[in-house]
Amino acid sequence: MHDKTLKQLADALAARQISSVELTGLYLDRIKRFDPQLNSFITVTESQALAQAAAADAARAAGKAVALTGVPIAHKDIFCTQGVKTSCASKMLDNFIAPYNATVVEKMNAAGLVMLGKTNMDEFAMGSSNESSFYGPVKNPWNTAFVPGGSSGGSAAAVAARLAPAATGTDTGGSIRQPASLCGITGLKPTYGRVSRWGMIAFASSLDQGGPMAQTAEDAALLLNVMAGFDPKDSTSTHIDVPDYTATLNDSIEGLRIGLPKEFFGEGLDADVEQCVRDAIREYEKLGAKVVEISLPNTHLSIPAYYVVAPAEASSNLSRFDGVRFGYRCNDPENLEALYKRSRGEGFGEEVKRRILIGTYALSAGYYDAYYLKAQKVRRLIKNDFDAAFANVDVIMGPTAPHAGFKLGEKAANPVALYLSDIYTIAVNMAGLPGLSLPAGQSNGLPVGLQIIGKHFAEARLLNVAHRFQQATDWHLQIPAAFA
Amino acid sequence: MALEEKDVAKIAHLARLQVTDAELSAVASRLSTILNLIEQLQAAPTDGIEPMAHPMDAVQRLRPDAVTESNQRDAYQKIAPAVEDGLYLVPKVIE
């Protein structure tokens, strides 16, 4: 059963071939058996899951089941879950039992999905390797000597190893797409504002966006149907109608214009990854798409601009963790200032502290114009590049990450080397665009992701384009042998 | 752009973040590496470019000025490190 997609599981539940309690038990057993090798979960919510599953079965018996009633899912531990530890993989929130649900979690609960637990991640979503977690690194199910990517590394590894049929993730600079690429699953970062950020612990508020991580584009469409929509509680949520993302999955892509940015195929791109991406593009040409060479000339500035904007916003957002109202408090502070400084110094990990310090510096008196304002101007240059490109193409394609993966510890000593691995994903966040990664090949036994970038609110088109590829190929059906 | 230890100490104070004397040198070196990366921005021509704060240049939506929240003090204080009589406790501020 665990080799089934979310859609197939929903169909099996609807046909009464299995109950939600049985299905949930099956995944809980897999987590018990396999997760010690992966560390993809921070918290497993077994009793709540079985209660939710029983409720789902009762709803079905009463004729009240909807599309995903009774289907299990895992949530990234950045989404607040009422009565359940929500740690953001930080010592700071190791004792934090969320007093309310994130909107995404509320919507999932209302749709009858069953939460298996909370997945591991980089601390406060700051990282690309899942090595900054207070709870230890997550391992890549394809080769446990390798990182799963990050920051949604636990969600990606859990789905890849089929410890959960799907999971939620969040993406500030690539945190859904890059781990999806490294773990061989399908991950979608929606348009900024498409999915509510309420109850999603904030990292960089002008960039953060939640989205689905699943086996297939069809599964991602089913989940986005539940997750997307206006939320009065999120002041940056957009008031635009949500289409049925499954309705257009099979639309023809005959004549689709695919833009290939020359900046995504230059220095730094692994040869195997390039080969996989070029093979995938050729598959699209067979399906009737046309390739157009394009340029996004300011791509190289996206990482420097991001490392001003994201830390600046993080330094402000993370000022709420002060040891007073919730979270970690140091022992025996000698005064109030010591309480703040020591609680934060002891509660945050190294990478989080670095970003708070960079952000504080960039926003401090005398430096604001040179850093934050300058980065915001460069951000517009990056967006203008996309606007110009989308005048001539329908979607943009390229690699999701410059490599198929790297070993645990390989980039630990040099944060900047790790930052550079997000070169193809960060510009998409800067411009607020939707982006999707889907498995499109392998290199030395590790999956390789193809990234598809769309216009604002073109999620349906991205999912359609991804689905058509998955109808013609089987990379998305590959399961790592140790977890098959 | 290289930060010195005294710069890091000042930034850390502004962020109310403890960085011990023993850590200052290593932190200064790491932060300087990141600032060198950021420094590439200065070469970008941005004359006449409007800063972009929101991907769709949206402005903050306002809601009616009406009470919408109920009092949940007990629930929120249940997870606080130290409370007494409905108040959050911190070390004495005024002698």
Side-chain angles (χ1 to χ4, degrees), chain A residues 95-97 99 192-193 206 232 235-236 238 298 300-301 303-305 307-308 315 319 322-326 329 333-342 344-346 348 353-354 356-358 360-361 364 370-371 373-381 383 414-416 419 430-433 456, chain B residues 1 3 7-8 10-20 23 26-28 30-31 33-63 68 72 74-83 88-93:
Chain A
N95 62 1
F96 180 67
I97 309 296
Y192 180 78
S206 77
S235 66
T236 58
T238 40
N298 290 295
H300 67 289
L301 293 173
I303 290 181
Y307 278 97
V308 174
S315 72
S319 65
D322 58 5
V324 174
R325 288 156 301 152
F326 57 88
R329 177 185 284 200
E334 49 275 32
N335 55 41
L336 186 60
E337 186 169 297
L339 184 154
Y340 293 147
K341 288 184 173 176
R342 281 183 42 220
R344 290 163 62 76
E346 294 165 19
F348 291 133
K353 284 194 255 195
R354 271 199 286 279
I356 290 173
L357 292 170
I358 288 288
T360 303
Y361 179 66
S364 62
Y371 288 111
L373 214 59
K374 181 77 180 181
Q376 285 191 318
K377 289 177 182 173
V378 169
R379 189 172 179 184
R380 187 172 300 281
L381 295 179
K383 179 182 176 282
N414 183 353
V416 168
Y419 297 172
M430 297 300 267
L433 299 167
H456 285 137
Chain B
M1 171 89 205
L3 287 180
D7 303 320
V8 174
K10 185 182 167 212
I11 302 163
H13 171 68
L14 291 173
R16 299 296 186 271
L17 191 62
Q18 177 173 275
V19 178
T20 63
E23 295 167 326
V27 172
R30 286 279 174 91
L31 294 185
T33 314
I34 299 169
L35 288 175
N36 280 335
L37 171 81
I38 292 170
E39 217 50 43
Q40 294 172 36
L41 288 178
Q42 303 311 328
T46 52
D47 287 351
I49 302 292
E50 277 292 304
M52 186 176 120
H54 184 287
M56 277 142 260
D57 288 319
V59 292
Q60 196 79 353
R61 180 163 41 79
L62 299 177
R63 63 168 177 83
T68 54
Q72 303 196 50
D74 291 346
Y76 294 161
Q77 291 199 332
K78 231 166 63 185
I79 51 172
V83 288
Y88 292 98
L89 296 189
V90 294
K92 193 188 257 186
V93 178

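Just so it is clear: chains get the letters A, B, ... in the order the sequence lines come, proteins before strands, and each one is counted from 1.
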For the atom pair CG (A/Leu357) and CZ (B/Arg30), what is the distance rounded to the nearest 0.5 Å?
13.0 Å
Chain B contact via A/Ser315 - which portion, at a heavy-atom distance below 4.5 Å:
neither
Is there a side-chain contact between A/Lys353 and B/Val27 in this structure, where contact means two heavy atoms from C-beta onward sitting under 4.5 Å apart?
no
Acceptor/donor pairs from residues 10-20 of chain B side chains to any protein atom, 3.5 angstrom cut, sequence neighbours excluded:
{"residue": "B/His13", "atom": "ND1", "partner": "A/Lys341", "partner atom": "NZ", "Å": "2.8"}
{"residue": "B/Arg16", "atom": "NH1", "partner": "B/His13", "partner atom": "O", "Å": "2.5"}
{"residue": "B/Thr20", "atom": "OG1", "partner": "B/Glu23", "partner atom": "N", "Å": "3.4"}
{"residue": "B/Thr20", "atom": "OG1", "partner": "B/Glu23", "partner atom": "OE1", "Å": "3.2"}

Most contacts with chain B, counted as non-hydrogen pairs under 4.5 angstrom, among A/Asn335, A/Val324, A/Asn414, A/Val378:
A/Val324
Measure distances from A/Ala431 to the heavy atoms of chain B and classify the residue's part below 4.5 Å as side chain, backbone, both or neither.
backbone
Would you call A/Gln376 and A/Tyr371 a side-chain contact if the rule is heavy atoms closer than 4.5 Å?
no
When rounded to the nearest 0.5 Å, the distance separating CD of B/Glu50 from NZ of A/Lys377 is 8.5 Å
Of the backbone (N, CA, C, O) and the side chain (C-beta and beyond), which part of A/Lys383 lies under 4.5 Å from a heavy atom of chain B, both, or neither?
side chain
Using a 4.5 angstrom heavy-atom cutoff, name the option from A/Ala375, A/Ser235, A/Gly323, A/Ala370 with the most pairs to chain B.
A/Ser235
Quick one: of A/His456, A/Arg325, A/His300, who has the most non-hydrogen atom pairs under 4.5 Å with chain B?
A/Arg325
Whatever's closer than 4.5 Å to a heavy atom in chain B on A/Leu336 counts as both
What option among A/Thr238, A/Asn298, A/Thr236, A/Leu339 has the most heavy-atom pairs under 4.5 Å with chain B?
A/Leu339
Heavy-atom side-chain proximity of A/Tyr307 to A/Ile358 below 4.5 angstrom:
no
Among B/Met56, B/Gln60, B/His54, residue most engaged with chain A (heavy-atom pairs, under 4.5 Å):
B/Met56
Segment of B/Leu62 engaging chain A (4.5 angstrom heavy-atom cut-off)
neither
If you count heavy-atom pairs under 4.5 Å with chain B, which of A/Glu346, A/Arg342, A/Met430 comes out on top?
A/Arg342
Taking the side chain as C-beta and beyond, is there a heavy-atom pair between B/Val90 and A/Tyr340 under 4.5 Å?
no
If I measure from the heavy atoms of chain A, does B/Gln42 come under 4.5 Å with its side chain, its backbone, both, or neither?
both
Counting C-beta onward and ignoring hydrogens, is there a side-chain heavy-atom pair between B/Asp7 and A/Tyr361 closer than 4.5 Å?
no
Does any backbone or side-chain atom of A/Pro415 lie under 4.5 Å from a heavy atom of chain B? Answer side chain, backbone, both or neither.
side chain
Look at B/Ile49, B/Leu41, B/Thr46, B/Leu37 and state which one has the largest set of heavy-atom pairs under 4.5 Å with chain A.
B/Leu41
Chain B contact via A/Ser364 - side chain, backbone, both or neither, heavy atoms under 4.5 Å:
side chain
Please examine the side chains of A/Lys374 and A/Val308, heavy atoms only from C-beta on, and report whether any two atoms are closer than 4.5 Å.
no
Portion of A/Arg379 that has a non-hydrogen atom of chain B nearer than 4.5 angstrom
both
Go through the atoms of A/Ala338 and report whether side chain, backbone, both or neither lie under 4.5 Å from a heavy atom of chain B.
neither
Under the rule for salt bridge (charged side-chain N to carboxylate O under 4.0 Å, His left out), what residues qualify as partners of A/Arg380, not counting sequence neighbours?
B/Asp57
B/Ala53 versus chain A, the contacting section by heavy-atom distance below 4.5 Å
both
Looking at CG of A/Leu301 and CD1 of B/Ile38, how far apart are the two atoms once the value is rounded to the nearest 0.5 Å?
12.5 Å
How close do A/Pro232 and B/Arg61 get, heavy atom to heavy atom, and via which atoms?
O-NH1, 3.9 Å
Relative to chain B, which segment of A/Val416 carries a heavy atom at a distance below 4.5 Å: side chain, backbone, both, or neither?
side chain
Let's test your reading of the structure: which of B/Ala75, B/Ala82, B/Pro51, B/Ala58 forms the most heavy-atom pairs below 4.5 Å with chain A?
B/Pro51
